[in-house]
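One structure below.
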Amino acid sequence: MGLFSKSEPELEKTLPHPLPVPAQLSTAQPVPSDVDSSDPLAVGIFYHENDNLPVALYYFSVSAARAHPIGMVLYAISLRHGWGIDKTPDLEREAVRLLVLATTLATEQDLGDYTRSLDRTNKHATQLVLAMHELGISFKQGWGVPKDKMRAAYYLNMAASLGDPDSQVELGHCYLRGDGVKVNKKMAAFWFRKAEKQGARMVQMQWIWKEKYD
């Protein structure tokens, strides 16, 4: 029930360059004393929470340029959704590349030192799992990359194995339909059960609890 053995897709692993300093920074509210002003991730989160998206985007880009996985995820998601910048197909592709790079960095680095950046907003610690989920959906739907059901299942499996209920539901459907994996109702039931135990609403899915799928 673990992660796939298939390696991650090969995309360029170059770190991004920081964006130019935005004009809005000169008039932005000061960073409060409980935010570490030397940490671009913490500063970016502060400005994002205060709806100054161009300034937040800039600090996320600085964090990403320093190979910070969580900063890279937030930078990628900002590019994907056009937070503080106009959306373009090129930026959507760059967002996917950065999400891939962030998941690679997350497996290579000890994230313990990064948790201090998230003390004020622990919800952002889940963004790494969200990156894997978004990559899975990107490959499934063809958002910024060609459609690839196998890669979609690969990333959904990563996120599902780390406890993300939305990815568990998506992966269950992959096994039910044979999208990127072989049809396997027992595996589908396995992931649907995990999702339901976490509160996912499974409509007309009573079959997953049949004994034969234990």
Suppose we screen for side chain to side chain contact (heavy atoms under 4.5 Å, CB included). Which residues come up paired with [X], at least two apart in sequence or across chains?
X      : answer
Lys185 : Leu176, Trp207, Tyr213
Pro40  : Tyr59, Val62, Ser63, Arg66
Thr88  : Asp90, Leu91
Gln29  : Phe46, Tyr47, Asn50

side-chain contact (heavy atoms from CB on, under 4.5 Å), that's the test. Do Gln24 and Asn52 meet it? Break it down for me. CA-CA 8 Å; Gln24 294 89 335; Asn52 194 333; 4.2 Å; yes

Applying the 4.5 Å side-chain criterion to the ILVMFWY set and letting contacts propagate, would [X] and [Y] be lumped into a single cluster?
X      : Y      : result
Leu41  : Leu101 : yes
Ile137 : Val169 : no
Tyr175 : Met202 : no
Tyr154 : Met132 : yes
Leu135 : Val145 : yes

N/O donor-acceptor pair under 3.5 Å between Ser26 side chain and Ala23 backbone: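 Pair found, side chain donor or acceptor close to backbone of Ala23.
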
Looking at Ile70, is its backbone amide N or carbonyl O close enough to the side chain of His68 to form a donor-acceptor pair, meaning the two atoms are under 3.5 Å apart?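 Flag set: sc His68 to bb Ile70 pair under 3.5 Å.
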
Residue list, salt bridge (charged side-chain N to carboxylate O under 4.0 Å, His left out) with [X], at least two apart or on another chain:
X      : value
Asp179 : Lys149, Arg177
Lys140 : Glu170
Asp214 : Arg193

For the atom pair [atom1] ([X]) and [atom2] ([Y]), what is the distance rounded to the nearest 0.5 Å?
X      : Y      : atom1 : atom2 : answer
His81  : Leu53  : NE2   : CG    : 12.0 Å
Leu19  : His17  : CG    : NE2   : 11.0 Å
Asn157 : Cys174 : CG    : SG    : 9.5 Å
Ile77  : Trp83  : CD1   : CH2   : 6.0 Å

Which atom pair, heavy atoms only, marks the closest approach of [X] to [Y]?
X      : Y      : result
Ser78  : Leu57  : CB-CD1, 3.5 Å
Pro16  : Ala65  : O-CB, 3.2 Å
Gly172 : Ala188 : O-CB, 3.4 Å
Ser167 : Ala160 : CB-N, 3.6 Å
Gly136 : Leu156 : CA-CG, 4.0 Å
Val21  : Leu25  : CG1-CD2, 3.5 Å

When the aromatic ring centroids of Trp191 and His173 are compared, is their separation below 6.0 Å?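 Between His173 and Trp191, which both carry aromatic rings, the centre distance is not below 6.0 Å.
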
Non-neighbouring partners of [X] that pass side chain to side chain donor-acceptor pair (under 3.5 Å), sequence neighbours left out:
X      : value
Ser38  : Asp36
Glu134 : Arg80
Asn184 : none

With Tyr58, which residues qualify under ring-ring contact (aromatic ring centres under 6.0 Å, His included), at least two apart?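 If we apply the ring-ring contact (aromatic ring centres under 6.0 Å, His included) test to Tyr58, skipping adjacent residues, there are no hits.
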
By ring-ring contact (aromatic ring centres under 6.0 Å, His included) - contacts of Trp143 (at least two apart):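 If we apply the ring-ring contact (aromatic ring centres under 6.0 Å, His included) test to Trp143, skipping adjacent residues, there are no hits.
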
Please determine, by modelled atom types, if Glu196 and Gln168 share a side-chain donor-acceptor pair under 3.5 angstrom.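 Their side chains do not contain a donor-acceptor pair, so the 3.5 Å distance test is not met.
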
For the residue pair Tyr155 and Phe139, categorise the inter-ring angle as parallel (less than 30°), tilted (30 to 60°) or perpendicular (more than 60°).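 Geometry flag for Phe139 against Tyr155: parallel rings.
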
Quick one, Phe60 and Met72 - any side-chain contact, counting heavy atoms below 4.5 Å?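 Phe60 does not reach Met72 side chain to side chain.
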
Can you confirm whether Leu79 sits close enough to Glu92 that some side-chain heavy atom of one is under 4.5 Å from a side-chain heavy atom of the other?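 No; the side chains remain at least 4.5 Å from each other.
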
